[in-house]
Amino acid sequence: MIGLVIISSILLAGCGSLEGTVAEKTGASFILEVESDDARQAPTQEIFMTDHTEFLGAASSFEQLEEGDRVKVTPFDTTPDIPYFLASRVVVE
């Protein structure tokens, strides 16, 4: 029981927002070069869009997002069963 609580806490702690630079765009996702001081954080993260992803700042839609844009991505609150990062909000500088 205690082990489950510890694992859940670690997983939830890793669900914060990500900041970085858009390295590549695909049809429904983009690769983010992540800026982090945490050595456990992978240097890149694939970010997936949904119909409910909100864009703010210099780009108001996924189509306007460009490689090289600096962004802050906030995820949807999902369960650990979902193995990918679903963007709730993308703020483009």
Side-chain angles (χ1 to χ4, degrees):
M1 184 68 159
I2 294 174
L4 285 174
V5 170
I6 293 171
I7 290 172
S8 296
S9 298
I10 291 170
L11 290 173
L12 288 174
C15 292
S17 62
L18 294 176
E19 293 186 44
T21 304
V22 177
E24 179 183 341
K25 275 182 64 175
T26 66
S29 68
F30 64 90
I31 304 297
L32 181 68
E33 290 179 350
V34 180
E35 297 173 359
S36 174
D37 294 333
D38 186 352
R40 297 173 294 169
Q41 175 65 51
T44 61
Q45 176 77 45
E46 186 167 12
I47 309 296
F48 290 89
M49 305 299 107
T50 73
D51 292 340
H52 302 287
T53 300
E54 177 183 24
F55 281 83
L56 300 170
S60 60
S61 68
F62 179 70
E63 292 73 29
Q64 293 179 345
L65 188 66
E66 296 181 6
E67 291 180 11
D69 283 346
R70 298 211 13 89
V71 298
K72 181 175 182 179
V73 183
T74 305
F76 277 107
D77 190 19
T78 59
T79 65
D81 299 0
I82 298 176
Y84 41 86
F85 197 100
L86 291 176
S88 167
R89 176 179 294 160
V90 178
V91 179
V92 182
E93 294 180 3

Donor-acceptor contacts, no H, no angles, side chain residues 81-91, under 3.5 Å, sequence neighbours left out:
from	atom 1	to	atom 2	distance (Å)
Arg89	NE	Glu54	OE1	3.1
Arg89	NH2	Glu54	OE1	3.2

- For residues 55-68, the salt bridge (Lys or Arg N to Asp or Glu O under 4.0 Å) pairs (sequence neighbours left out) are none

- Message: Looking at every heavy atom in both Phe62 and Thr26, which two are closest together, and how far apart are they?
- Response: CZ-O, 3.4 Å

- Taking the side chain as every heavy atom from C-beta outward, state whether Leu18 and Ile47 have any atom pair closer than 4.5 Å. yes

- Task: Check side-chain hydrogen bond (donor to acceptor under 3.5 Å, both in side chains) between Thr74 and all other residues, then give those that pass, not counting sequence neighbours.
- Result: none

- Task: With sequence neighbours left out, write down each residue that passes side-chain contact (heavy atoms from CB on, under 4.5 Å) with Asp38, or none if nothing qualifies.
- Result: Ser36, Arg40, Gln41

- Those residues that, when tested against Glu93, pass salt bridge (Lys or Arg N to Asp or Glu O under 4.0 Å) (two or more places apart): Arg70

- Query: To the nearest 0.5 Å, how far apart are CG in Asp37 and CD in Glu35?
  - Reply: 9.5 Å

- Note on the structure: d(Leu32 CG, Thr21 OG1) to nearest 0.5 Å is 7.0 Å

- For the student: nearest non-hydrogen atoms of Val92 and Phe55, plus distance: CG2-CD2, 4.5 Å

- Message: Given 3.5 Å as the limit, does a donor-acceptor pair link the side chain of Lys72 with the main chain of Ser17, or not?
- Response: no

- All side-chain hydrogen bond (donor to acceptor under 3.5 Å, both in side chains) counterparts of Thr79, not counting sequence neighbours: none

- Message: Restricting to non-hydrogen atoms, name the atom on Glu46 and the atom on Ser29 that form the minimum distance, rounded to 0.1 Å.
- Response: OE2-OG, 2.7 Å

- Results of side-chain hydrogen bond (donor to acceptor under 3.5 Å, both in side chains) for Glu24 - residues two or more places apart only: none

- Message: Under the criterion side chain to side chain contact (heavy atoms under 4.5 Å, CB included), I'd like the reasoning laid out for Phe76 against Thr50: C-alpha separation, chi angles, the key distance, then a yes or no.
- Response: CA-CA 10 Å; Phe76 277 107; Thr50 73; 3.4 Å; yes

